[in-house]
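Structure record follows, encoded as structure tokens.
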Amino acid sequence: MSDTRGLLIVLSGPSGVGKGTVRAAIFKNNIYNYVYSVSATTRQMRPGEVDGVDYYFTSREEFEQLIEEDALLEHAEYVGNYYGTPIKAIEDNLSKGYDVFLEIEVQGAMKVRERMPDGIFIFLAPPNLNELESRITGRGTDNQEIIYERMQKAREEIEMMKHYDYVVVNDEVDCAVNKVNGIIQSEHLKVSRVVDQIKLQIHNYFQKGE
Ligand SMILES: Nc1ncnc2c1ncn2[C@@H]1O[C@H](COP(=O)(O)OP(=O)(O)OP(=O)(O)O)[C@@H](O)[C@H]1O
Ligand SMILES: Nc1nc2c(ncn2[C@@H]2O[C@H](COP(=O)(O)O)[C@@H](O)[C@H]2O)c(=O)[nH]1
């Protein structure tokens, strides 16, 4: 009867908006004990990235095997590479009561929404598109062609914002972090999420006295 299952939190939005930056800041002072869902990808590892921490880096064959085995909650092809969310760790952590944090692009988020509609879907938006382009360019990880593709994608992705539960504009990282934490903590206080626990406490209290 008690609902101690964790919450599934999906942080999504266009490439370069700052999802990774905001997520890293949230996890640096992880006061709420969120667990991060490490995705699998076929893209090349960037300098400083660690296999199993930033991503599980796989070959295309290995990734296709994961699809075949139904080991992914969702997957998407994004600018020439596969990205996907391993399902087992999510199920294990949610059932242990941890809030699980996904940082994924928009097509994948929409697939998660179909399979896990109880999730909390947060769209991280740029202050404007010029700022988005300068963030992608400033990161220095993509050539002009890829930057162009990522900006084209961003246009479609911003259109999808209406399918999310919340939007947070990432103008200042600290401000965005506080808003995301605030959303999650408010979700925990929803009557629908706590009502069963309260009923159980009342039930246990009166049973003791009988
Ligand atoms: N609020 C902000 N103000 C200024 N710069 C920012 C802000 N947030 C992130 N950035 C910068 O923007 C760049 C892109 O950020 P980041 O890599 O976190 O984006 P992302 O959404 O995770 O991208 P991708 O989806 O491609 O992985 C980085 O150089 C980061 O330092
Ligand atoms: N649908 C999914 N998208 C994912 C996943 N993991 C990451 N991503 C997103 O892909 C793009 C590109 O990432 P990058 O690391 O190459 O810049 C970005 O929007 C990520 O958030 C996933 O498991 N599924």
Side-chain angles (χ1 to χ4, degrees), residues 5-39 41 54-55 73-74 76 78-79 83-85 90 93-94 98-139 141-142 147 149-194:
R5 208 172 142 80
L7 301 178
L8 182 79
I9 301 134
V10 180
L11 183 69
S12 185
S15 174
V17 70
K19 300 181 295 296
T21 305
V22 169
R23 187 253 303 167
I26 288 172
F27 276 78
K28 192 170 163 215
N29 306 309
N30 189 2
I31 45 176
Y32 299 111
N33 256 342
Y34 309 137
V35 171
Y36 179 58
S37 159
V38 179
S39 296
T41 185
D54 298 288
Y55 281 107
L73 172 62
E74 62 72 40
Y78 181 88
V79 192
Y83 294 81
T85 305
I90 292 184
N93 284 309
L94 288 177
Y98 289 110
D99 292 340
V100 178
F101 211 95
L102 267 61
E103 181 204 321
I104 63 177
E105 54 68 71
V106 173
Q107 301 171 66
M110 293 300 99
K111 290 184 200 158
V112 176
R113 175 133 230 168
E114 279 168 29
R115 289 188 68 176
M116 298 182 88
D118 283 352
I120 301 160
F121 293 80
I122 305 174
F123 190 90
L124 196 66
N128 57 64
L129 287 184
N130 287 331
E131 173 64 17
L132 181 66
E133 188 181 346
S134 60
R135 285 185 193 174
I136 301 177
T137 309
R139 187 166 61 178
T141 49
D142 301 302
I147 292 170
E149 281 186 57
R150 287 185 186 239
M151 288 304 294
Q152 292 300 317
K153 273 259 176 216
R155 193 177 179 177
E156 296 164 24
E157 290 170 335
I158 290 168
E159 283 285 309
M160 299 299 287
M161 189 163 60
K162 55 182 178 280
H163 300 295
Y164 285 72
D165 301 313
Y166 298 94
V167 58
V168 170
V169 175
N170 179 24
D171 36 19
E172 294 286 335
V173 175
D174 288 351
C175 196
V177 167
N178 288 338
K179 286 179 183 165
V180 171
N181 280 327
I183 291 167
I184 299 164
Q185 295 318 307
S186 307
E187 285 282 339
H188 272 291
L189 302 179
K190 278 197 163 162
V191 170
S192 56
R193 295 199 199 272
V194 296

Close side-chain approach of Asn29 to Val177, heavy-atom, < 4.5 Å: no
With sequence neighbours excluded, tell me which residues meet side chain to side chain donor-acceptor pair (under 3.5 Å) with Thr141. Arg139
Set of side chain to side chain contact (heavy atoms under 4.5 Å, CB included) partners for His163, sequence neighbours left out: Met110, Met160
Is there a donor-acceptor pair closer than 3.5 Å between any side-chain N or O of Asn128 and the backbone N or O of Asn130? yes
With the threshold set at 4.0 Å, does a side-chain nitrogen-carboxylate oxygen contact exist between Arg113 and Asp165? yes
In Å, rounded to the nearest 0.5 Å, how long is the span from CD1 of Ile184 to CD1 of Ile26? 6.0 Å
Could you tell me if the side chain of Val112 sits less than 4.5 Å from the side chain of Phe121, heavy atoms only? yes
Main-chain N/O of His188 paired to Gln185 side chain as donor or acceptor, under 3.5 Å: no
Is the backbone of Ile104 close enough, under 3.5 Å, to the side chain of Ser12 for a donor and an acceptor to pair up by distance? yes
Correct closest heavy-atom pair for Ile122 and Tyr164 would be C-CD2, 3.7 Å
For Val10 and Met116, run side-chain contact (heavy atoms from CB on, under 4.5 Å): C-alpha distance rounded to whole Å, both residues' side-chain angles, the deciding distance at 0.1 Å, then the answer. CA-CA 11 Å; Val10 180; Met116 298 182 88; over 6 Å; no
Can you name the closest pair of heavy atoms from Ser37 and Leu102 and give their distance? CB-CD1, 3.6 Å
Once you round to the nearest 0.5 Å, how far does CD1 of Ile183 lie from CG of Asn178? 11.0 Å
Decide side-chain contact (heavy atoms from CB on, under 4.5 Å) for Glu149 and Gln152; before the verdict, give the C-alpha distance in whole Å, the side-chain angles of both, and the deciding distance to 0.1 Å. CA-CA 5 Å; Glu149 281 186 57; Gln152 292 300 317; 5.6 Å; no
Quick test of your reading of the model: are Glu114 and Lys111 salt-bridged, counting only N-O distances below 4.0 Å? no
Can you name the nearest heavy-atom pair linking Val180 to Val168, along with the distance? CG2-CG2, 4.3 Å
Could you pull out all residues at least two apart from Glu131 that satisfy side chain to side chain donor-acceptor pair (under 3.5 Å)? Arg135
With a sphere of 6.0 Å drawn around NZ of Lys162, does it hold more than 12 non-hydrogen atoms of other residues, nucleotides or ligands? yes
Find the distance between CG (Asp99) and CG (Leu7) and round it off to the nearest 0.5 Å. 4.5 Å
Can you list everything that forms a side chain to side chain contact (heavy atoms under 4.5 Å, CB included) with Tyr98? Sequence neighbours excluded, please. Val35, Asn93, Lys96
Are any of the side-chain nitrogens in Arg115 or Glu74 under 4.0 Å away from the carboxylate oxygens of its partner? no
Ring pair (Phe, Tyr, Trp, His ring centres under 6.0 Å) partners for Phe101, two or more places apart: Phe27, Tyr34
Are any side-chain N or O atoms of Glu105 and backbone N or O atoms of Gln107, one a donor and one an acceptor, separated by less than 3.5 Å? yes
What is the distance from atom CG of Asn170 to atom CG of Leu11, rounded to the nearest 0.5 Å? 9.0 Å
Worked verdict on Leu129 versus Ile158 for side-chain contact (heavy atoms from CB on, under 4.5 Å): CA-CA 10 Å; Leu129 287 184; Ile158 290 168; 3.7 Å; yes
Go through the steps to decide whether Tyr166 and Lys179 satisfy the test side-chain contact (heavy atoms from CB on, under 4.5 Å), and finish with yes or no. CA-CA 10 Å; Tyr166 298 94; Lys179 286 179 183 165; over 6 Å; no
Check: residues 14-23 side-chain donor-acceptor pairs under 3.5 Å, at least two apart:
{"from": "Ser15", "atom 1": "OG", "to": "Arg150", "atom 2": "NH1", "distance (Å)": "2.7"}
{"from": "Lys19", "atom 1": "NZ", "to": "Gly13", "atom 2": "O", "distance (Å)": "3.0"}
{"from": "Lys19", "atom 1": "NZ", "to": "Pro14", "atom 2": "O", "distance (Å)": "3.0"}
{"from": "Arg23", "atom 1": "NE", "to": "Glu103", "atom 2": "OE1", "distance (Å)": "2.7"}
{"from": "Arg23", "atom 1": "NH2", "to": "Tyr36", "atom 2": "OH", "distance (Å)": "3.3"}
{"from": "Arg23", "atom 1": "NH2", "to": "Glu103", "atom 2": "OE1", "distance (Å)": "3.0"}

